Amino acid sequence: MNRESLSEKLRAISVAGKSAQELYTEISEACMSECGCAVRKLSERRAYYFSIEYLMGRMFYNNLMALGVLNEARKIFAEKGFDLNRFEDVEDAALGNGGLGRLAACYLDSATALGYPLCGFGIRYRYGLFRQRFENGRQIEEADDWLKTWGDPWSVRRADEAIGVTFADMVVTAVPYDMPIFGKTVNTLRLFQAEGSPEAEKISEYLYPADDTEEGKLLRIRQEYFFSAAAVGQLVQRYVRKNGRQFERFPDFHVFQLNDTHAVFAVAEFLRLLTNVYGLTFARAVGIAQRTFRYTNHTILPEALESWDMRLVERILPEIAQVLKGLHLYSKRKWERGGCPADEMRQMAVIRGKYFSMANVAVYISEKVNGVAAIHTKILEEQLFGAAYRQMPEKFLNVTNGVTPRRWLMLCNEELSAFYDKRLGYGWRTDLRALRGLNCDDADDLAAFAEIKRQKKAQLAAYILSREGVALLPDAVYVAQVKRLHEYKRQLMTAFAILYLYFDLKEGKLPDFTPTVFIFGAKAAGGYRRAKAVIKFINDIACLVNGDEEVNTRLQVVFVQNYDVSYAEKIIPGTDVSLQVSTAGFEASGTGNMKFMMNGAVTLGTMDGANIEIVEASGGRNNYIFGARVGEIEEIKKYYDPHEAVARNLKLKRVVDTLTDGTFQDEGGELKEIYSSLFEQTYNSPDHYLVLYDLPKYAEALLRANADYRDQTVFAQKQLLNATRSAFFSSDRAIEEYAKKIWKIEKLL
Ligand SMILES: *Cc1c(COP(=O)(O)O)cnc(C)c1O
């Protein structure tokens, strides 16, 4: 890349008479002219990332930063009278739901920054994750027409490389759109768009279409096969052109990383091509696949483990169904010969009942299988994939997730970055471990850090005022829970904890309480009624609290609309306390927790996912941990009775009763439904996620943090210790682990 020539080009762009959109396109195109140096040598061993989601966020500032010209560009255009902040209106590329898709984006960023050859494959959805707004406190979803205003100057359509994907009832053209990822090298995120007929176009129309109907399930299968087959087809074709049918060497040049099971059809397509098209035996094809594929598991939630009805797969992908059945028999025979016990074989089988188990295909075929936090990998080994772990322990390993420090620190927190530059030089920017060199006892440093936090909070307050029309209390503790809305993440428990504080404040029981602002951000899946009810409940609470003059100078609640990557970039640096309160054992890793840590928020949460490792890295005294542990939950479930819990604890009863006692209007019956979920048999048990079990300890933990905050220097030190101990949670560290232990790839430069 040539920074000088790019600066020249930027300087040459005139702003006179141009619309912001025109300028946006011109600046982006200048940057795009830099992607010519993408290294494209077939001799290179490369890793390919298969993910049905990429939550890229806004590309503009990140790309300018990656190209080394962000500050310069700001200056150049300011001199011409144009403020680059104007582009904060540019739509996010939200081709993902949450953590999984954001992880894919962070990994592309890190691999590229480090110089590793990693290319992504996915779907170019016409509409990304829905946009959310609230009407009377309820979520309204709107289609995310992400190309509408600003277009997509960051992608190059490659019609010359289009490839056909065949279904029983139609042939679809997969047209690649290549998006460069800038860093030490240039990698490519290749997103396929489905074309050919109105039917075909539906395949890449929506991210995660509702799959509660058969129609929806078929569409989902089509999406998964569509991008997997397009990617595998291209790579195999390219390989054959160069090497002929010597497939034994295919795994020397290709590693296919499955980001969860959504691309497991890539396994079947790979086997189909090698056997049905290129004539290899099934056994040889499986052997080659087993050296090519890797699999990362992201969840143990039973409802999120994909298994596809065999009848549906047979209907639209008969050959693929045949291959999967073949794999079922093949693996079964292998196990039998190895003397594997029958019940273990059943657990590992490709076909379970009338369904294909996509996770079992992935585990069987992959050379390595990894979980995303130490505790999660342990659960995989001991429970979810217990049988496979006993049979093939050498496959399993942990790689704790990470987040890119470029977007999640350098870009979103220039103030903290400058603070580090001044004290440590620039070395930390390429190796976050250098942050450990900062002495967190120095009074001046702590004061400077506290001042930066205050500034970021003021910026956040200004932003929320402009977006939501709510003026946040300026000198309060900012406490945030921002993430997808899900019962296991327990936003409901936070809602109840706020009511605890509210009633105590009303009764004058908390004389020393430091004013506190609770910030929520979350989208609920369109069909997830109970999650939507929780949004309404929290908005009801916000109305009650913010409208109550007895408390609203000390307690405030705001639920921001349309939480996305760009909103996260504002909220995270402006937060004092990061809420990570999932039921132990349910959050595989979390990555939001890491972004907060990196920006100097303390974690208030449960011993779940990567929280455990965060506390280990930054110290128990610098975080607030409460709640049932993973090892205790099974025992608790044996005797726990939520009726008894509220009967014994009147405060608990009081907050829970607000769901039904008329405190809030409930004409839609949503709150009543939440109430039932706590006391009636849902999933396996009432209050399946132990909301009422952990709630009293949660409220205590919040009060402990609140009391500690009174000594602002001590609290700033806890925060700075978190920030400076966050290197392990950089995706640069995670990618080094993938590169060395799983992919065995070398840096290009
Ligand atoms: C990081 C991120 C997530 C994941 O957050 P968790 O707290 O780990 O669930 C979800 N959405 C957005 C927009 C993010 O940036």
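Everything quoted here is computed from the prediction, not taken from an experiment. Counting starts at 1 for both ligands and their atoms, following the listed order. Both backbone and side-chain heavy atoms feed into the values below; hydrogens, waters and symmetry mates do not.
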Applying a 4.0 Å heavy-atom criterion (strictly less than), which segment of Phe596 is in contact with ligand 1: side chain, backbone, both, or neither?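 For Phe596, there is no contact with ligand 1 at all, from either part.
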Using heavy atoms and a threshold below 4.0 Å, how should the contact between Asp564 and ligand 1 be classified: side chain, backbone, both, or neither?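 Backbone only.
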Arg530 CZ: over 12 foreign heavy atoms closer than 6.0 Å: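 Yes, the 6.0 Å shell around CZ holds more than 12 heavy atoms from other groups.
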Flag if over 12 foreign heavy atoms under 6.0 Å of CZ, Arg621: no
What about Tyr61 and Phe87, are their ring centers closer than 6.0 Å?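 Distance test on ring centres: not under 6.0 Å, no.
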Do Tyr49 and Phe121 have their ring centres less than 6.0 Å from each other? no
Considering residues at least two apart in sequence or located in another chain, which fulfil the salt bridge (Lys or Arg N to Asp or Glu O under 4.0 Å) criterion with Asp687?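 Per chain and number, Asp687 pairs via salt bridge (Lys or Arg N to Asp or Glu O under 4.0 Å) with no residue.
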Asn599 side chain near Cys412 side chain, heavy-atom distance below 4.5 Å: yes
4.0 Å heavy-atom contact, Lys489 with ligand 1: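 In this structure, Lys489 qualifies as a contact of ligand 1 - some heavy atom is under 4.0 Å.
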Find all atoms of ligand 1 within a distance of less than 4.0 Å from any non-hydrogen atom belonging to [X], and give their numbers and elements.
X      : answer
Lys595 : 1 (C), 2 (C), 3 (C), 14 (C), 15 (O)
Gly98  : 10 (C), 11 (N)
Gly592 : 5 (O), 6 (P), 7 (O), 8 (O)
Tyr563 : 11 (N), 12 (C), 13 (C), 14 (C)
Gly99  : 3 (C), 4 (C), 10 (C)
Trp408 : 15 (O)
Val565 : 13 (C)
Gly590 : 8 (O)

Donor-acceptor contact below 3.5 Å, side chain Lys697 vs main chain Ala628: no
What I want to know is whether Thr591 and ligand 1 share at least one N or O pair that is separated by under 3.5 angstrom. yes
Checking side chain to side chain donor-acceptor pair (under 3.5 Å) between Asp576 and each of Lys456, Lys453, Lys718, Lys457, which is the one that passes? Lys457
Specify the protein heavy atom at minimum distance from atom 7 (O) of ligand 1: its residue, its atom name, and the distance to 0.1 Å.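 Of the protein heavy atoms, Lys483 NZ, 2.7 Å lies nearest.
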Distance-minimising heavy-atom pair for Met607 and Arg629: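 For Met607 versus Arg629, the nearest heavy atoms are CG-NH1, 3.4 Å.
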